[in-house]
Amino acid sequence: MELLAIFVAAILINNFVLRYFLGICPFLGVSKKIDSAISMGLAVTFVMSITAVVSWVINHWILIPFKLDYLQIVSFILVIASLVQLVEMFIRKISPPLYQALGIYLPLITTNCSIFFLALMASLREYNFVESIIFGVGSGLGFTLAIILMAAIREQLDHAEVPEALKGAGIALIVAGIMALAFLGFSGMIK
Amino acid sequence: MKDKGLVVSTKEDMAQVEVQCFTEHCQNCSARSLCVGKNQSKGLIMVRNPLRASAGDEVEIEIPDTKYSRSLILLFGTLLLASLVGLGLGSLLAPLLPLSSSAASLLGLLCALIIAGIFLSRYFRAKNKVSLYPVIKVITKKGERHG
């Protein structure tokens, strides 16, 4: 039950994008088409899941036993950057055209503050191994849900008559604000 | 999505093209500076050459958006699924191994990622051979640019 609560809370209640306003750059930058939003969401979910595992391992097997807790921030940044770099090397090796097409995707993941927040939050809340994984996957799915909803709305907005001054980032931020308000409705689900 | 590039060499109906760092979608991106350092080296890709562009020509290549989106979904979807399955299997098999639950899960994750990596590598290598992108326009011929 505890695991389910962590999972649901990470997706709906404590959604990183709509509750904490983290990861806004890829959220706004890659939410113009549903296809791109799904691939970005999956990429972030994958990196978040692996980050949750690796950061837990580093924290509990190295930092805490050797009393190196003060290196948490540096080590988590290194973990995220190394993971993304590994994924990038792998993609460049298996499919150079895909690597070219990725363009800004992977750098956006490396610099995505929500992934760093995930690693720090899992450590602060003293989650165990399984809870960390559930939290990582849930947070990634929460990001995916938010970005897909945003992409769906923005695709519809292409056919709407938006005032000239609000076109582009303006209307996108208003939509994000309304979505955040809507997600507040979930806050009473789990105490 | 269209990309510009320089033909490096040609072979039968194919051409090896040195593509520029940024696709047209990146031109107005505020985070573009993030890529500059990383992608300064240009990438070489093999393309179909129906217009018979020759080495030294500047060409435009057509890259369908949906193709990439599907490939990306497949790539990250497979990696994500493999990680979850690996973690789950590792955790389930932990009592049978002389390892703690977290160590077994980590081992499961590593094995699953290696298997997924091999599968994806084979899949994309096979796919790269059959679905090459075409040259759709020769922007400048080699002689024209230097003349």
Side-chain angles (χ1 to χ4, degrees), chain A residues 25-26 28-30 32-50 52-54 56-57 60-61 85-88 90-111 128-130 132-134 136-137 140-141 144 168-169, chain B residues 1 3 19-23 25-26 29-35 37-39 42-47 61 63 65-84 87-88 91 100-103 105-106 109 113 117 120-125 127-128 131-133:
Chain A
C25 184
L28 292 178
V30 197
K32 284 178 185 162
K33 285 183 182 174
I34 291 185
D35 276 355
S36 322
I38 294 172
S39 38
M40 186 65 181
L42 285 176
V44 170
T45 308
F46 169 68
V47 175
M48 276 188 167
S49 314
I50 304 291
V53 174
V54 179
W56 187 92
V57 167
H60 287 80
W61 290 2
Q85 196 64 38
L86 274 175
V87 175
E88 193 171 305
F90 174 67
I91 297 171
R92 187 162 48 183
K93 181 83 181 163
I94 64 165
S95 180
L98 196 61
Y99 171 74
Q100 285 290 329
L102 269 169
I104 195 70
Y105 268 64
L106 287 169
L108 277 182
I109 298 172
T110 320
T111 53
N128 63 31
F129 186 71
V130 178
S132 284
I133 297 168
I134 297 291
V137 176
L141 291 178
T144 309
Chain B
M1 187 161 70
D3 241 329
V19 288
Q20 290 169 1
C21 297
F22 305 107
T23 61
H25 292 296
C26 298
C29 179
S30 56
R32 184 180 156 174
S33 58
L34 288 169
C35 297
K38 290 163 66 76
N39 295 341
K42 295 176 178 180
L44 284 174
I45 58 170
M46 194 61 93
V47 294
I61 307 157
I63 303 165
D65 279 347
T66 48
K67 214 170 204 174
Y68 276 139
S69 297
R70 278 182 206 153
S71 298
L72 285 172
I73 291 170
L74 177 82
L75 176 77
F76 288 112
T78 309
L79 287 174
L80 179 64
L81 200 68
S83 340
L84 296 180
L87 284 167
S91 181
S100 66
S101 174
S102 51
S105 298
L106 195 66
L109 172 71
L113 283 179
L120 287 169
S121 174
R122 285 189 176 176
Y123 174 80
F124 278 104
R125 276 193 188 140
K127 199 179 169 195
N128 288 345
S131 59
L132 294 171
Y133 311 114

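Only heavy atoms go into these numbers, but all of them, side chains included; no hydrogens, no water, no symmetry mates. Letters A, B, ... mirror the listed sequences (proteins, then strands); counts begin at 1. Small disclaimer: the values here were computed from a predicted structure and weren't measured.
- When each of B/Ser101, B/Ala82, B/Ala103 is scored by its heavy-atom pairs under 4.5 Å with chain A, the top score falls to B/Ala103.
- To the nearest 0.5 Å, the span separating CZ on A/Phe46 from CG on B/Leu75 amounts to 8.5 Å.
- Using a 4.5 Å cut-off between heavy atoms, A/Ser49 touches chain B through its side chain atoms alone.
- Heavy-atom pairs under 4.5 Å with chain A were tallied for B/Ser102, B/Ser91, B/Ser121, B/Gly117; the largest tally goes to B/Ser102.
- Contact of B/Ser83 with chain A is made through the side chain alone, with heavy-atom distances under 4.5 Å.
- Between the CG atom in A/Leu42 and the CG atom in B/Leu80 there is a gap of 6.5 Å [rounded to 0.5 Å].
- For B/Leu81, no part lies near chain A; criterion is any non-hydrogen pair under 4.5 Å.
- For the options B/Leu79, B/Leu84, B/Leu106, heavy-atom pairs under 4.5 Å to chain A are most numerous at B/Leu79.
- For chain B, no part of A/Val130 is nearby; none of its heavy atoms comes within less than 4.5 Å.
- With values rounded to the nearest 0.5 angstrom, B/Phe76 atom CZ is found 4.0 Å from A/Ile91 atom CD1.
- Atom CH2 of A/Trp56 sits about 9.5 Å away from atom OG of B/Ser105, to the nearest 0.5 Å.
- Using a 4.5 Å cut-off between heavy atoms, B/Leu87 touches chain A through its side chain atoms alone.
- Using a 4.5 Å cut-off between heavy atoms, A/Val137 touches chain B through its side chain atoms alone.
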